Protein chains: 2
Amino acid sequence: MPRRVDSARRSGCPISIALELLGDPWSLLIVRDLMFKGMTSFLDFLNAGEGIASNILTDRLARLVDAGMLEKHRAKDRRRFVYRLTAKGIALAPVLVELILWSDAHEETDAPRQTIKAMRENRAEFLRRVRIKWKTERSHRPG
Amino acid sequence: MPRRVDSARRSGCPISIALELLGDPWSLLIVRDLMFKGMTSFLDFLNAGEGIASNILTDRLARLVDAGMLEKHRAKDRRRFVYRLTAKGIALAPVLVELILWSDAHEETDAPRQTIKAMRENRAEFLRRVRIKWKTERSHRPG
DNA sequence: CCGGATCCGTTTCGATACTG
DNA sequence: CAGTATCGAAACGGATCCGG
């Protein structure tokens, strides 16, 4: 299995730790799908259209769980697993939003106009709703 | 020379393009050093303490210039080069700020408390100053 | 000395195939 | 469904070399 990427751990720079996560094309995509698209399962991510390979997905999910950004639970189904964002994970919402807005402004994306508009015109409200949605979903599943 | 990382180019996801950049541990560090630390030269980045290798630095600088986030100019010195953020590059400031705040909140960093405080307590003003500083520096050098 | 370019051994990535 | 096993292709980092 691929080893932890330690090369991003730098001495005393304010965003060093974040780059353990962000210095990788896949992790943020997983977080985004979890946060904005309601995806929760291994297969959701695997077929999300980005074309991640299963072994890479396994590794990144484990890494994110390891970093305390995701929790892994058994679904009611008992055969399946469900991944959920932790508080630390949902706290990435502002970063994601800024990133999405930047991408939308500077590159061609076919992001849903509706969502972009909501993000741009009332960022605080948008973020509040993301958090509320997260809390609600979370409280519906007994830990 | 290392080839462009195309694996991050995904179909129609709102942050796909950004990940060409961000899906790499080094690019954001360079942008940050440029934006917040006043570093401008090859050697600045090379000795920034993060331990990037010269060949990797060369590649990342070229990539960032290529992506339209950096401009490369000859310094008054004529032996040296100076790298500057473009408008597209400076537009990443909100992303960086959110990232830094997230890292500060969720991991141990020794980021300067003063700066973090300024970012957190008055984000808009902080960003405004970053942009003003950028414009000022830029106008001092005839293109 | 500055800003790279090139070569090379090692690590990590990722596509495919396979499994409980 | 949720992962392993395999294995070739990259990216990485260190060292060294080069042109101005």
Side-chain angles (χ1 to χ4, degrees), chain A residues 1-11 16 19-30 33-34 39-67 70-84, chain B residues 1-11 16 19-30 33-34 39-67 70-84:
Chain A
M1 74 205 66
R3 296 206 46 77
R4 196 68 76 259
V5 179
D6 289 314
S7 60
R9 192 187 297 278
R10 318 271 166 242
S11 61
S16 59
L19 289 182
E20 259 182 66
L21 255 142
L22 302 173
D24 155 63
W26 298 115
S27 304
L28 266 189
L29 286 176
I30 295 172
D33 288 348
L34 221 27
M39 297 182 178
T40 59
S41 75
F42 190 89
L43 271 201
D44 281 344
F45 304 129
L46 196 63
N47 303 322
E50 286 104 355
I52 188 171
S54 66
N55 58 340
I56 305 300
L57 178 56
T58 298
D59 177 71
R60 294 309 187 277
L61 286 172
R63 203 182 283 196
L64 288 168
V65 169
D66 227 56
L70 261 52
E71 287 171 354
K72 180 180 180 176
H73 299 279
R74 230 168 244 292
K76 283 169 296 188
D77 190 326
R78 293 318 294 287
R79 292 175 308 178
R80 311 187 59 170
F81 289 99
V82 167
Y83 293 88
R84 285 189 278 155
Chain B
M1 76 202 68
R3 295 208 45 77
R4 197 68 78 258
V5 179
D6 289 313
S7 60
R9 192 187 298 277
R10 316 272 167 244
S11 62
S16 58
L19 290 182
E20 259 182 68
L21 255 144
L22 303 172
D24 154 65
W26 299 114
S27 303
L28 265 189
L29 286 175
I30 295 172
D33 288 349
L34 222 27
M39 297 181 178
T40 59
S41 74
F42 189 89
L43 273 200
D44 281 343
F45 304 129
L46 195 63
N47 304 322
E50 287 104 354
I52 189 170
S54 71
N55 56 345
I56 306 296
L57 178 55
T58 298
D59 177 71
R60 292 309 187 278
L61 286 172
R63 202 182 283 195
L64 288 168
V65 169
D66 227 56
L70 260 53
E71 285 170 356
K72 179 181 180 175
H73 299 279
R74 227 168 246 292
K76 283 170 296 189
D77 190 326
R78 293 315 296 286
R79 290 177 311 178
R80 311 189 59 169
F81 289 98
V82 168
Y83 294 88
R84 286 188 279 155

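Numbered from 1 within each chain, the chains take letters A, B, ... in sequence-line order. Since the structure is predicted, the reported quantities are computational estimates derived from the model, not experimental observations.
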Taking the side chain of A:Thr58 as heavy atoms from C-beta outward, which of D:dA2, C:dC2, D:dG3 is closest to it? D:dG3

Length of the line joining B:Leu61:CG and C:dG4:P, which is rounded to integer Å: 7 Å

Measure across A:Thr40 and A:Asp44 and return the closest heavy-atom pair with its distance rounded to 0.1 Å. N-OD2, 3.0 Å

Looking at side-chain heavy atoms only, is the closest gap between B:Phe81 and B:Arg74 below 4.5 Å? yes

Just to confirm, is there a sub-4.0 Å distance from OP1 or OP2 of D:dC1 to any side-chain nitrogen or oxygen of A:Tyr83? no

Touch check for A:Phe42, heavy atoms < 4.0 angstrom, all strands: base, sugar-phosphate only, or nothing? base

What are the two closest non-hydrogen atoms of B:Val82 and B:Ala75, and how far apart are they? CG2-CB, 3.5 Å

Enter the distance from A:Leu57:CG to A:Trp26:CH2 here, rounded to the nearest 0.5 Å. 9.5 Å

Below 3.5 Å between N/O atoms, which protein atoms pair up with nucleotides 14-16 of chain D? Just atom names and distances, please.
residue: D:dG14; atom: O6; partner: B:Asn55; partner atom: ND2; Å: 3.0

Between A:Asp33 and A:Ala48, the two heavy atoms sitting closest are OD2-CB, 3.6 Å

Whole Å only: how far is the CG atom of A:Asp24 from the P atom of D:dA10? 18 Å

Report yes if at least one side-chain N or O of B:Trp26 is closer than 4.0 Å to OP1 or OP2 of D:dG13; otherwise report no. yes

May I have the distance from B:Leu46 (atom CG) to D:dG13 (atom P), rounded to whole angstrom? 12 Å

Here the distance between atom P of D:dA2 and atom CE of A:Met39, to the nearest Å, is 14 Å

May I have the distance from B:Arg74 (atom CZ) to C:dG3 (atom C1'), rounded to whole angstrom? 10 Å

Among the nucleotides D:dC12, D:dG3, C:dG3, whichever has the atom closest to the side chain of A:Lys72 is D:dG3

Looking at side-chain heavy atoms only, is the closest gap between B:Leu61 and B:Phe45 below 4.5 Å? yes

What N/O pairs connect the protein and nucleotides 17-20 of chain D at under 3.5 Å? Give each pair on its own line.
none

A:Thr58 and A:Phe42, any side-chain heavy atoms less than 4.5 Å apart: yes

Separation of atom CZ in B:Phe45 from atom P in C:dC2, rounded to whole Å: 15 Å

Nearest heavy-atom pair of B:Leu34 and B:Met39: which atoms, and what distance? CD1-O, 2.7 Å

Calculate the interatomic distance between B:Ile56 atom CD1 and D:dA10 atom P; express it in whole Å. 16 Å

Below 4.0 Å: OP1/OP2 of C:dC13 and any side-chain N or O of A:Arg63: yes

Closest approach of B:Ile30 to B:Leu70 (non-hydrogen atoms, all atoms of both residues): CG2-CD2, 4.5 Å

Would you mind reading off the distance between A:Leu57 atom CG and D:dA2 atom C1', rounded to a whole angstrom? 9 Å

